[in-house]
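Since the model is a prediction, treat every value here as computed from it, not as a measurement. Chain letters run A, B, ... following the sequence lines, proteins first and then strands; every chain starts at 1. Values below: every heavy atom of this structure, side chains too, minus hydrogens, waters and symmetry copies.
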Amino acid sequence: MPLTSDRIEVTDALEAIEYCYRHNMTDGLPVVPPTEKRVAEFLTHVGLSPGDKIAEVTERARIITAEKLAVNAVMAGCLPEYMPVLVAAVEALADPAFKFNHLASLGSPWPLLIVSGPIVRAIGMNHGMYLFGSGNRANATIGRAMSLLLWNCCELRPDAIQRGQLGNPHRYSFCIAEDPDTAWEGLNEWEGHDRSTSTVTAFSGYHLCMARTECSVARGILAPLVNAISRHEFSPGCVVVTIPPNLEKLLVDQGWTKRKIRDYLFEHCKRSVKDLKEDARWGRLTATHVGDLKDLVPAAPGDEDRWIYLFKRNPQLDPYVFHEGAMGRRADILVVAAGGDAGMTIGFYQPYSQSTNPVTKPITLPRRS
Amino acid sequence: MAFVFLDPRQGPATGAVVPAHRLSSLTGKRLGILWNNRPSGDKLLKRLAESLHQKYEFSEIYFTKKTFIGNAAPQEVIDDVASRVDVAIVGVGD
């Protein structure tokens with residue numbers, strides 16, 4: 001099957017880059033011009049034909065074909081070996097549970113891609129020092145390829161449907177990997193796959209946050225994280241937590257599994273009704289439940305002892321604080337073993353406040369007979 | 001010698017959007033409002049309905065909502081609105 005994209009003819013490669021600027025095909029950075037030969041190499045690597053359907057983004061009435069994915073991957077600077085990850089990433093973003101339309105939100109959420117499993121080593125992804133920083137080709141260009149694909153094929157641009165009030169610096173590229181040698185179960189296993197199956201998890205939030213600890217005992221390591229998650233935007237859902245290997249070792253040595261960390265955060269991430277009222281969060285989001293109660297509400301006696309849990313539901317109190325949709329979505333802590341092996345910094349990425357769920361897809365290409 | 005590259009834009013659309021039948025007049029018609037549950041959108045839409053009612057004197061105004069802004073309205077909600085009204089407004093407010 002031939003490539004069907006329109007051909008654009010210019011004088012040379014530099015002029016092709018300038019053409020992409022003039023025609024709003026790029027994120028503001030230069031792109032690698034996607035020639036037929038290079039795009040064909042990408043498709044050959046995964047054994048896909050140009051017209052093969054990767055996924056349908058129903059909210060945009062768009063089918064993402066292998067050709068358009070490969071074209072945008074080339075532009076982002078990817079290698080053909082990254083295509084299996086990109087295919088799974090597109091499948092994740094198009095999954096109904098991800099709720100694609102939230103990406104147009106005023107809050108400017110953007111998905112973090114997390115790669116877990118053997119492919120991390122196979123394609124040389126960074127899961128260590130400078131985890132979220134620049135410098136690794138796979139991390140940088142896989143994330144950028146998703147951004148360009150949605151820019152060029154799903155109208156996710158500020159001149160189209162994307163109405164983000166501030167925008168999001170993660171939009172340029174936001175992709176990390178998990179340590180494939182973690183002593184814990186991998187994110188791939190946490191999400192229901194075996195350790196030998198590589199996966200991509202797409203998870204949409206606002207901004208990367210951090211919690212620094214000075215302790216070596218488990219509860220001391222996690223205390224700043226509990227406080228930071230609870231004090232940040234207080235919205236139920238999944239929170240991605242990255243724990244670096246030195247802290248992972250301390251926790252493992254004290255018998256802390258990912259599940260135990262999850263359960264601990266579930267039990268301790270909470271705020272008092274008094275606190276929430278003073279923070280103007282009481283009734284702010286829930287006009288249907290509390291009428292016109294949208295401004296500051298004075299705390300009442302006893303409010304300091306009434307607790308709203310972030311991850312555990314309380315049908316009597318929750319409607320005063322949380323979006324209806326956020327309460328109905330998956331609540332979880334996705335612990336990712338990743339980060340540099342020096343320092344005491346835990347990263348966390350909180351969910352977009354209302355809709356969206358993390359979606360994990362196995363990487364199945366290229367198929368080996 | 002020319003340099004040729006591929007246009008990265010737009011995959012094929014999966015289907016055409018067929019606009020709903022347009023009424024010749026709104027006067028005396030049944031107006032439906034489907035609020036998407038965005039905070040304060042109910043107030044905005046009710047004010048809009050009041051304003052339109054002064055002009056078109058609707059025979060009925062039916063106000064309903066979908067469960068949550070981030071999800072598409074369930075088919076039963078769409079069917080309910082379609083069965084009750086002649087024209088509907090779907091909107092957002094914040």
Below 4.5 Å from any heavy atom of chain B, which atoms of A:L3 appear? Answer side chain, backbone, both or neither.
-> side chain
For residues B:P8 and A:M75, report the shortest heavy-atom separation together with the two atoms involved.
-> CB-SD, 3.3 Å
Proximity breakdown for A:C20 and chain B, heavy-atom pairs closer than 4.5 Å | side chain
So which of A:S105, A:P96, A:G328, A:P34 has the largest heavy-atom pair count under 4.5 angstrom toward chain B?
-> A:P34
Could you tell me whether A:R163 atom CZ has more than 12 heavy atoms of other residues or ligands within 6.0 Å of it?
-> no
Can you say whether A:D6 sits under 4.5 Å from chain B via the side chain, the backbone, both, or neither, judging by heavy atoms?
-> both
Salt bridge (charged side-chain N to carboxylate O under 4.0 Å, His left out) with A:K53: which residues, sequence neighbours excluded?
-> A:E56
Please report the shortest heavy-atom distance between A:H23 and B:R9, naming the atom on each side.
-> O-NH1, 3.7 Å
Partners meeting salt bridge (charged side-chain N to carboxylate O under 4.0 Å, His left out) with B:R47 (sequence neighbours left out) = none
Toward chain B: residues of residues 8-16 of chain A with heavy atoms under 4.5 Å | A:I8, A:E9, A:V10, A:T11, A:D12, A:A13, A:A16
Okay, A:A70 and chain B: the region with an atom under 4.5 Å from a heavy atom over there is neither
Taking atom CZ of B:F3 as the centre, report whether more than 12 heavy atoms of other residues, nucleotides or ligands fall under 6.0 Å from it.
-> yes
If you take all heavy atoms of B:L6 and A:V39, which pair is closest and at what distance?
-> CD1-CG2, 3.8 Å
Shortest non-hydrogen pair, B:D7 vs A:K68, comes out as O-NZ, 2.7 Å
With a 4.5 Å cut-off on heavy-atom pairs, point out which of A:R60, A:E36, A:H102 contacts chain B the most.
-> A:E36
Residue A:Q165 excluded, over 12 heavy atoms near CD under 6.0 Å = no
With A:R313 via side-chain contact (heavy atoms from CB on, under 4.5 Å) - residues at least two apart | A:P236, A:D318, A:F322, A:M327
